[in-house]
Amino acid sequence: MSTEEPKIGVFICHCGSNIAGVIDIPQLVEYTATLPNVVVAEDYRYMCSDPGQDLIRERAREKGLNRVVVAACSPTLHEPTFRRVLESMGLNPFFFDMSNIREHCSWVHTHEEEAALEKAKDLVRMAVARAAELEPLVQKEVDVKASVLVVGAGIAGIQAALDIADAGYKVYLVEKEPSIGGHMAQLDKTFPTLDCSSCILTPKMSLIGQHPNIELLTYSEVREVDGFVGNFKVKVERKPRFVIEDKCTACADCLEVCPVNVPDEFNTGLGWRKAIYIPFAQAVPNAYIIDTEHCLGMTPIACGKCKDSCEAEAIDYEMKPEILELDIGAIIVTTGFKLFNAMEQLEYGYGKYPDVMTNLEMERMLSAAGPTDGKIIRPSSMKKPKDIAYIQCVGSRNERYNNYCSRVCCMAALKQARQIREKYPDINVTIFYIDMRAFGKGYEEFYESTSREYGVTFVRGRVAEVRGSFDSDRIVIRAEDTLLGQPVEAEADIVVLSCGIQAAENQGDLARVLGIQLSADGFFLEAHPKLRPVETNTDGIFIAGAAQGPKDIPDSVAQAKGAAASALTMVTAGRVKVQPYAAVVNEELCAGCGICEASCPYGAVKVVDNVAQVTEAQCKGCGTCAAACPNEAIAPQHFTMDQIIAQLDALFQEAR
Amino acid sequence: MTKKNWEPKIVCFACRWCSYAGADMAGTSRIQYPPNARVIRVNCSGRVDPQFILRALKLKADGVLIAGCHFGDCHYVSGNYQTSRRVELLKEYLKEIGLEPERLRLEWISAAEGTKFAETMKSFVNEIKLLGPNPLADGGPE
Ligand SMILES: Cc1cc2nc3c(=O)[nH]c(=O)nc-3n(C[C@H](O)[C@H](O)[C@H](O)COP(=O)(O)OP(=O)(O)OC[C@H]3O[C@@H](n4cnc5c(N)ncnc54)[C@H](O)[C@@H]3O)c2cc1C
Ligand code: SF4
Ligand code: SF4
Ligand code: FES
C-alpha cells in the first residue's frame, strides 16, 4: 500500500431518475460522508457529463483527494471515462473504483426502495474500503501490429477489408468457403432499389482479389488466437483445394471429364455441379476446387480424369492442409448468418412437398444465372405455377425457434413478389404475414407500391399448416385471417417459406477461439448495444454485419465501415494501452512449490531457483494462480488479496 | 433482528467477462430479483481464493455465490475448471466444519443470461431462507 493517507472522494450519480428515482440520494450521501477516509461525498445529476467530471476535478483540487469512487452505472460502461478524469488531474487512474448502483441496484430492485438504499450503502462502503487499498499502476503501452485480420468474406467482410487495405494497411481476409461473396452473391436483385446484386457485389470481389494489401485466404479457418490487443498471434488453417489457385485458368476442361454429379450448394441444391467445380462464375478466387467428399478418390487415384485433362497442370492430388501463423494488430469478425432450417418447422411441409421452397431457393430461381435461367417453375412438375404463396416469419418471432425478428424476410418477400409479378403478370402472389415490417430508408414506399401497383395480395395471419391437396397436385395452406377473424384456406402451386436469419454455423466455437461472447440469440455480443455496437468486450476484436444480428445489406455495410474505422484508429495510432493486471510475486512468501505454475492457463509463471517468476507479457491477470497459492505469495495487480478482503470485511461490518 | 424479518446476506463473486456482465444484463433488461446479494467483481472465477469464501462465511455471510463463464467460455481458457474443483473440495470441507454445503453455490452465467442471473438470485435466496441464518452467527461451529 502506498504510504500516503487515503483521502477519498465519493461521487454519487442520479443518472437522471434511473438511480435517483429509486434510491434516496440525500440519505446515501449523508451515510457515505461517515465512512472512513471519505473527505468528500457529493451527488450530481449526471456524473459522466462534462460538469460531472469537472465537479470531481474541482473537489479533488480543493480537498487534495487521492482516491475517487463513483457510485453510478456499471464499470463496464464508464470506468474508462472516470479513469481519464483522474489522469487529467495528474492522479494515477488506478486510484479509482466504481460502485454499480444502477444495473446491480436501482434497475433490479425498482419497487424496494428501502432495500435498494441499504444495498447501495453496502456497495458504496465496499468500494470505499477497496479504494483505500488501491495501488498506483503503470499502464503499459504496446505496439500495434500494422495488420488486420478479417474473418468471413460476405459483403461485410469485403467492405471492411477494402476500407482497411485502401488506408494502406495489410489485411488478411479469411473465408471458410472456396469463394468470397457470402449470401449476397446468391441474391438476384436487392431491395429496395432492385439493383442487381452481382452488379454491385462482383466489382468489389474482384478488387479484393487484386488489392496489393489484401492477402486472401479462402477455404480457410481460424484455428487459434493467442496474445492480446495489438499483438494477436493467429493460426489459420488452409484446407487443401487440390487445385493450385495461381495455375488454374478456370477453363472448365475438367468439368467435361468429371463423372460425378453433386447437388449444387450455391444454387441451394436446385442444380447440379461436378466433384471438381467452381462455386459460381464470378467466384474469387476464380479457381476450381475438388470436393473430397464426392471425388471418387485421389490418394490412391481412383479416377484421375481431371488431372489428365488439365493443360495448366493446376491439379495437385497430394495437396496438404497448411497452417499459417499471422501477427495481427486487430480482428474484425464478419461471419454472417445461416438461413433457418425450414425442416425444423414440420407443419410447413418443407422436405415433404417439393413445391415448398425457401426464400433463398426462390432467390436462385429468379436469377438469370440460376439453375432455371430465371424461369419460375414448380420443382415437382417443371411447369409454370399459377399461384404462389409466401409464408412470413418462418423460424422467427416464434418461441419454439427464434424469438427475434429476422428483419430482412418481409422486404425479401416483397421484392420477390414484385419480381414475379413483373415477369409473369398472370401468376398470383399472396403473402401470409403477422405484420409486415418495412423500416428502412425507402422500404415503406416499396411496400406500398408493391401492394398498390403490383397487385400482390396480403393476408394477415399466422399459417397453421401446409399440406398436399387431396384432389389435385396443389398445396393447401390453412391460416387464421386475423383481420377478418376467421379461418382461411388457400391453394397454391408453390409455397415460399420466408426463412429467418440465424447465427452462422459454429459461431460458438469461433467465439471461444476468439475469447468473445455471444448474446442470448446466438449472435456475437457487442460491447454496448448503442454506443459500442461494433466493439466486443475483448480489446482489439470488432464485429460487423449479420454476425452481430439479422441485418440487410445497407446496415451490414455501414457496420463494416464502422468496424474498419475502429480497427484503423487502433492500427494507425500504432500504440495501445494494456491493462497492467499481471501477477506479482512476493518473493519472501513464495516457497517455490510450483502450484501456481501448474494452475496457470498460459504458462506465464515458472519457478526458477525456488521462486516463482511471472513473464509479464504472457500473464493475463486472471488470478487463478493467486487462488491456488497456499502462501498468498502471488496475486494479480488490482485484484490483490488485501483489496478483495477489504471489500468483504466492509460488506459484513454492520451497515447501519 | 428477529427470525421473522431476517433477510439472508449473500456475497457473490462474479467474473467480469461473463457473470458480471450477465448481472448487468439483468439490470438493462430491468429484471427484478431479491436485493440480498452484493457482487464483488473479479477477473475470472478462478481468482476466487477459498480463503475469500471461508472468510465470508466466518463473517456471517448466509450464502456465497460464485458465478463464472460456462465451461469452454472462460476468458482465460480453463480458470473455471479450477474454480469448479475448488468449490467441490470446499463443500466437503464445509460439511466437516458443520456448515451446510448448500451455502456455497457455483453457477455458470453468461453475459447474455440476465434472466439466469436473476433466477439464480431468487432460487439461492429461497434456499438460504430455508436453511436459516449462518450458524456461525450465534457463535456456532468454528
Ligand atoms: C432470401 C434473402 C434475400 C435477401 N435479400 C436482400 C436484399 O434484397 N437486400 C438486402 O439489403 N439484404 C438482403 N438480404 C440480407 C443479406 O443477405 C445480408 O444482409 C447480407 O448477406 C449480410 O452480409 P454479411 O457479410 O454480414 O454475411 P454473409 O453474407 O452471411 O457472409 C458471411 C461470410 O462469412 C463466411 N463465414 C462464416 N463462418 C465463417 C468462419 N467461421 N470462418 C470464415 N468464414 C466464415 C461465410 O462463408 C460467408 O462468406 C437477403 C437475405 C435473404 C436470406
Ligand atoms: S504457488 Fe505460491 S508459493 Fe508456490 S511457487 Fe507459486 S507463488 Fe510461490
Ligand atoms: S494471473 Fe497467474 S495464472 Fe493468470 S495468467 Fe497471470 S500468472 Fe498465469
Ligand atoms: S473469465 Fe469467467 S470464469 Fe474465467
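None of the values given here were measured: they were computed from a predicted structure. As a basis for the values below, the full set of heavy atoms in this structure was taken, side chains included, without hydrogen atoms, waters or symmetry mates. Note on naming: letters A, B, ... go to the chains in the order of the sequence lines (proteins, then strands), and numbering restarts at 1 for each one.
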Give the interface residues of residues 101-115 of chain B toward chain A, defined by a heavy-atom separation under 4.5 Å.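 The stretch touches chain A at B/A111, B/A112.
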
For chain A, which residues of residues 69-85 of chain B have at least one non-hydrogen atom nearer than 4.5 Å to it?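 So the qualifying residues are B/G72, B/D73, B/H75, B/Y76, B/V77, B/S78, B/G79, B/Q82.
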
Considering all heavy atoms, the nearest [X]-[Y] contact:
X	Y	value
A/A627	B/P50	O-CD, 3.7 Å
B/P35	A/K119	O-CD, 3.9 Å
B/Y20	A/S74	CE2-OG, 3.7 Å
A/F639	B/V42	CE2-CA, 3.9 Å
A/L651	B/K9	O-NZ, 3.5 Å

Please lay out, stage by stage, how B/D24 and A/N100 fare under the test side chain to side chain contact (heavy atoms under 4.5 Å, CB included). CA-CA 9 Å; B/D24 281 355; A/N100 186 345; 3.1 Å; yes

Between the side chains of A/E112 and B/Q32, does any donor sit under 3.5 Å from an acceptor?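 No, because no side-chain N or O of A/E112 sits under 3.5 Å from a partner of the opposite role on B/Q32.
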
Dump the intermediate steps for side chain to side chain contact (heavy atoms under 4.5 Å, CB included) on B/K58 and A/F652, then the final yes or no. CA-CA 10 Å; B/K58 251 189 211 151; A/F652 291 102; over 6 Å; no

A/E616 atom CD, neighbour heavy-atom count above 12 within 6.0 Å: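 Result for CD/A/E616: open.
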
Does some side-chain heavy atom of [Y] sit less than 4.5 Å from a side-chain heavy atom of [X]?
X	Y	answer
B/Q51	A/M641	yes
B/R30	A/T110	no
B/R47	A/P636	yes

With only heavy atoms counted, which part of [X] is less than 4.5 Å from chain B, the side chain, the backbone, both or neither?
X	answer
A/L525	side chain
A/D97	neither
A/L518	backbone

Measure up the B/Y33 and A/H109 rings against each other and bin them: parallel (under 30°), tilted (30 to 60°), perpendicular (over 60°).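 The arrangement is perpendicular - the two ring planes meet at more than 60°.
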
Atom pair [atom1] ([X]) and [atom2] ([Y]), whose distance is rounded to the nearest 0.5 Å:
X	Y	atom1	atom2	answer
A/T538	B/W17	OG1	CH2	4.5 Å
B/I53	A/L648	CD1	CG	10.0 Å
B/L59	A/D649	CG	CG	5.5 Å
B/R55	A/I645	CZ	CD1	4.0 Å

Evaluate the side chain to side chain contact (heavy atoms under 4.5 Å, CB included) criterion for residues A/T624 and B/R86: first the C-alpha distance (whole Å), next the side-chain angles of each, then the deciding distance (0.1 Å), finally the verdict. CA-CA 11 Å; A/T624 306; B/R86 281 182 200 133; 3.8 Å; yes

Sequence neighbours left out, what pairs pass salt bridge (Lys or Arg N to Asp or Glu O under 4.0 Å) with at least one residue falling in residues 69-83 of chain A?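 Sorted pair list: A/E79-A/R83, A/E79-B/R41.
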
Checking A/H638 now: which residues fulfil ring pair (Phe, Tyr, Trp, His ring centres under 6.0 Å) with it, not counting sequence neighbours?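 Checked A/H638 against ring pair (Phe, Tyr, Trp, His ring centres under 6.0 Å); matches are A/F94, A/Y581.
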
Portion of B/A118 that has a non-hydrogen atom of chain A nearer than 4.5 angstrom: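 Nothing of B/A118, per the 4.5 Å heavy-atom cut-off to chain A.
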
Interface moiety of B/I31 toward chain A, non-hydrogen atoms closer than 4.5 Å: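 For B/I31, the contact with chain A is made by the backbone alone.
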
